[in-house]
Amino acid sequence: MFIKTIKVKKPNLLAAALLVVIACLLAIVALTAYRFAKKSQYRLENEAQRQEFLKQMGWEVSGEFDECRQVLIPEQFNEVYDNYNELQKQQGFDLSAYKGKSCDVYTYKVKNYAGHEDKDDVRCNLMICDNVLIGGDVSSTELDGFMQGLKKND
């Protein structure tokens with residue numbers, strides 16, 4: 001039987017320990033980022049979950065969606081899509097990752113938009129791809145209408 005011993009110098013041992021500590025810190029940062037990204041995703045698999053999400057955003061909507069249509073997000077954004085994606089980015093979404101993909105857009109009538117309670121012109125659109133909310137807006141269908149993010153402004 002042969003036994004071989006290796007003598008490790010202190011500088012090498014310190015470098016190895018430092019590398020282990022850095023690797024552990026990187027793993028912690030990566031796991032935290034993964035968990036945060038996972039939490040910021042909204043899984044909306046059915047009508048009840050969509051209704052609950054809209055309620056959390058501060059909206060009172062019709063009992064069920066008024067319309068559901070399939071939309072193809074273009075491969076190349078024009079100025080309209082660039083502007084719309086800027087609104088999405090302000091809300092923590094980014095449609096760039098979905099270029100060339102189809103999504104379902106659920107449209108709801110909003111009943112409690114300030115100044116429009118007695119009108120029938122405010123809609124909320126939820127863009128959902130593979131049961132994950134990827135974007136949306138609240139907008140007016142009037143000629144001089146408006147568009148804003150999903151969260152109600154108080």
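Taking CD from Gln148 and CG from Asn153, the interatomic distance works out to 4.5 Å, rounded to the nearest 0.5 Å. The line from CZ of Arg43 to CG of Asn131 is 5.5 Å long, rounded to the nearest 0.5 Å. Atom CD in Glu60 sits 13.5 Å away from atom NZ in Lys109 (nearest 0.5 Å). Ser140 contributes atom OG, which lies 9.0 Å from atom CZ of Arg123 (distance to the nearest 0.5 angstrom). Annotation: the span from Ile128 atom CD1 to Gln70 atom CD amounts to 12.5 Å, rounded to 0.5 Å. Rounding to the nearest 0.5 angstrom, the gap separating the CD atom in Glu67 from the OG1 atom in Thr107 is 5.0 Å.
Nearest approach of Pro74 to Tyr81, heavy atoms of both residues: CD-CZ, 3.4 Å. Annotation for Lys151 and Gln91: closest pair N-OE1, 4.5 Å, computed over non-hydrogen atoms. For the residue pair Gly149 and Leu87, the shortest heavy atom distance occurs at N-CD1, 3.7 Å. Between Cys129 and Tyr98, the closest heavy-atom pair is SG-CD2, 4.0 Å. In this structure, Lys152 and Trp59 approach most closely via the heavy-atom pair CA-CZ2, 3.5 Å. Annotation for Glu64 and Glu47: closest pair CA-OE2, 3.6 Å, computed over non-hydrogen atoms.
Under the 4.5 Å side-chain contact rule for hydrophobic residues, Val61 and Tyr113 share a cluster. Cluster annotation: Val105 and Tyr84 are assigned to the same hydrophobic cluster (Ile/Leu/Val/Met/Phe/Trp/Tyr, side-chain heavy-atom contacts under 4.5 Å, transitive). No chain of hydrophobic side-chain contacts below 4.5 Å, direct or via other Ile, Leu, Val, Met, Phe, Trp or Tyr residues, connects Leu95 to Tyr106. Linking Ile, Leu, Val, Met, Phe, Trp and Tyr whenever their side-chain heavy atoms come within less than 4.5 Å leaves Met147 and Tyr108 in two separate clusters.
Among Asp130, Val71, Leu72, the single residue meeting the side chain to side chain contact (heavy atoms under 4.5 Å, CB included) criterion with Ser102 is Leu72.
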task = Given side-chain contact (heavy atoms from CB on, under 4.5 Å), test Met57 with Val138 step by step and report yes or no.
result = CA-CA 11 Å; Met57 293 294 108; Val138 174; over 6 Å; no
request  = Evaluate side-chain contact (heavy atoms from CB on, under 4.5 Å) for Lys101 paired with Ile73, printing each intermediate quantity in order.
outcome  = CA-CA 6 Å; Lys101 293 186 179 181; Ile73 299 171; 5.6 Å; no
ask   = Going through the checks in order, is the side-chain contact (heavy atoms from CB on, under 4.5 Å) test met by Lys111 and Glu117?
value = CA-CA 6 Å; Lys111 298 177 181 180; Glu117 295 88 353; over 6 Å; no
inquiry  = Could you go through Leu54 and Val110, starting from their C-alpha distance and side-chain angles, then the distance that decides it, and tell me whether this counts as side-chain contact (heavy atoms from CB on, under 4.5 Å)?
reply    = CA-CA 10 Å; Leu54 291 169; Val110 175; over 6 Å; no
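When only modelled atom types and interatomic distance are considered, Glu52 and Gln49 share no side-chain donor-acceptor pair under 3.5 Å. Using modelled atom types, one finds no donor on one side chain facing an acceptor on the other under 3.5 Å when comparing Gln56 with Tyr42.
Partners of Lys119 under the side-chain contact (heavy atoms from CB on, under 4.5 Å) rule, at least two apart in sequence or in another chain, are His116, Asp121, Glu142.
Residue Lys55 qualifies as open at atom NZ: its count of foreign heavy atoms under 6.0 Å is 12 or below.
For Asn112 (side chain) and Gly58 (main-chain N/O), a donor-acceptor pair under 3.5 Å exists by modelled atom type.
Inter-residue side-chain proximity for Phe93 and Leu150 is flagged as met; some heavy-atom pair is nearer than 4.5 Å.
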